[in-house]
2 protein chains.
Amino acid sequence: MVKKPAPDATRRSEKSRRAIYAAALALVGEVGYPRTTVEGIAARAGVGKQTIYRWWASKADVLLEAFLDLGEQAAQAAGQDTDAVPDTGDLAADLKAVLRATVDELLDPRFETPARALAAEGLVNDQLGREYVARLLEPQLQLYVARLRSARDVGQVRADVDPRIALELFVSPLAQRWLQRTGPITHAYTDTLVEYALHGIAPR
Amino acid sequence: MVKKPAPDATRRSEKSRRAIYAAALALVGEVGYPRTTVEGIAARAGVGKQTIYRWWASKADVLLEAFLDLGEQAAQAAGQDTDAVPDTGDLAADLKAVLRATVDELLDPRFETPARALAAEGLVNDQLGREYVARLLEPQLQLYVARLRSARDVGQVRADVDPRIALELFVSPLAQRWLQRTGPITHAYTDTLVEYALHGIAPR
């Protein structure tokens, strides 16, 4: 049975939840994932440890939800839908718009440091890595799958193309440049990736 | 002035060098980069700490060279040149051959664990990340740049294509799947990436 909270309690909870997200993101950026603790997050957020354990099972849970929330807020601030890649009928323009917004988010310092710390831990911590992919990364990639499928339905993508692989031609280069700092990330760069992926690098 | 070592000394040095590389790779895979020390590498390799400092300035130096050596050995074992992507005149076949060999290396357990530990540290340790890219990653990417340039010269790649960006269409998806475990890596997968990158996903 779920007890419906009074409006004041909901407001208080929402405020605590925001403070906990902010504390978790700040802490993981500062000391890295292994040294981030639920105790540390609670102290920084000014709440009791039990408040955190009432809502989340582990520090991984807190962090993953904090990132989901950060992504939703960034998308809302950019006036974008978080549930779908736009479909204006122009595939290239739609992909470029979403990738440009992603570039902006990746370059945002509020996102940069904690995201890097979480991604780094995901590389060597198998369980966290799988949760990170299943809960954060793959759901975002599936939005591209849906958009490429609808493009395939109207003949803008070849019928024999696997959308789950095709999206990697423009998403993964951006991810690698950001993660491993192998090159600058700009709107011109992601626009170019979309053009190359759609039309290929061989002569037509 | 460099003193030429006697043959016996060279053999002894070579043996120590191999032992140090093996110890460094094993240790970073087991305890991660931050807890790997020059002392630990020396103890495991059965050499004095000063032997390591005679040849390398830091643990980062030892590890980066150990990886360079591992890559060269893997390429030699696969009967491949480490200095160039082959040029048989068939761009697709050449790219597929190199990427298939890369898949085999990424799935080799001797490579997997230490490479993951070093890549993870490179994400959060700015200096190591930049050395990792400059000394290990970018030189490999430049081999693709050279191959794409020669393909451009003979009209197999469009004149307006930037080879440094184009290579990311097939290299980065493989890197991301391997680093973040976002999907299986197989020869069929990298073959598909090459086809999509060359010919695009839109109808011709």
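Here is how names work: the chains are called A, B, and so on, in the same order as the sequence lines, proteins then strands, and each is numbered from 1. FYI, side chains are in, hydrogens and waters are out, and symmetry mates aren't considered; it's all heavy atoms of this structure.
Atoms NE2 and NE2, on A/His199 and B/His199 in that order, are 15.5 Å from each other to the nearest 0.5 Å. The distance from atom CD of B/Gln176 to atom CG of A/Leu179, rounded to the nearest 0.5 Å, is 7.0 Å. The OG1 atom of B/Thr182 sits 10.5 Å away from atom OH of A/Tyr132, with the distance rounded to the nearest 0.5 Å.
For B/Glu168, the parts lying near chain A are the backbone and the side chain together; criterion is any non-hydrogen pair under 4.5 Å. Using a 4.5 Å cut-off between heavy atoms, B/Leu148 contacts chain A through its side chain alone, with no backbone atom that close. For a residue to count as touching a neighbouring chain, one of its non-hydrogen atoms must lie under 4.5 Å from one of that chain's; by this rule B/Arg152 does not touch chain A. Both the backbone and the side chain of B/Val157 come within less than 4.5 Å of a heavy atom in chain A.
In this structure, A/Pro203 and B/Gln156 approach most closely via the heavy-atom pair CD-O, 3.4 Å. Taking all atoms of both residues into account, the shortest heavy-atom contact from B/Ala120 to A/Val124 is CB-CG1, 3.7 Å.
Contacts between residues 31-52 of chain A and chain B, defined by a heavy-atom separation under 4.5 Å, are made by no residue at all. Against chain B, the residues from residues 102-119 of chain A that qualify, each with a non-hydrogen atom under 4.5 angstrom away, are A/Arg116, A/Ala117, A/Ala119 in number order.
Here the side chain of B/Tyr196 pairs a donor or acceptor atom with the backbone of A/Asp162 at under 3.5 angstrom. Remark: the backbone N or O of B/Gly200 is paired with a side-chain donor or acceptor of A/Arg158 at under 3.5 angstrom.
For chain A, the option among B/Gly129, B/Ala166, B/Ala175 with the highest count of heavy-atom pairs below 4.5 Å is B/Ala166. Taking A/Ala197, A/Ser172, A/Ala159 one by one and counting their heavy-atom pairs under 4.5 Å with chain B, the maximum is reached by A/Ser172. Ranked by non-hydrogen atom pairs under 4.5 Å with chain B, the options A/Leu91, A/Asp126, A/Leu137 are led by A/Asp126. Taking chain B as the reference chain and counting heavy-atom pairs below 4.5 Å, the highest number among A/Glu121, A/Glu138, A/Arg164 is found for A/Arg164. For the options B/Glu195, B/Arg181, B/Arg130, heavy-atom pairs under 4.5 Å to chain A are most numerous at B/Arg181.
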Tell me, with the steps shown, if A/Arg177 and B/Ile165 meet side chain to side chain contact (heavy atoms under 4.5 Å, CB included).
-> CA-CA 11 Å; A/Arg177 282 201 179 198; B/Ile165 295 178; 3.9 Å; yes
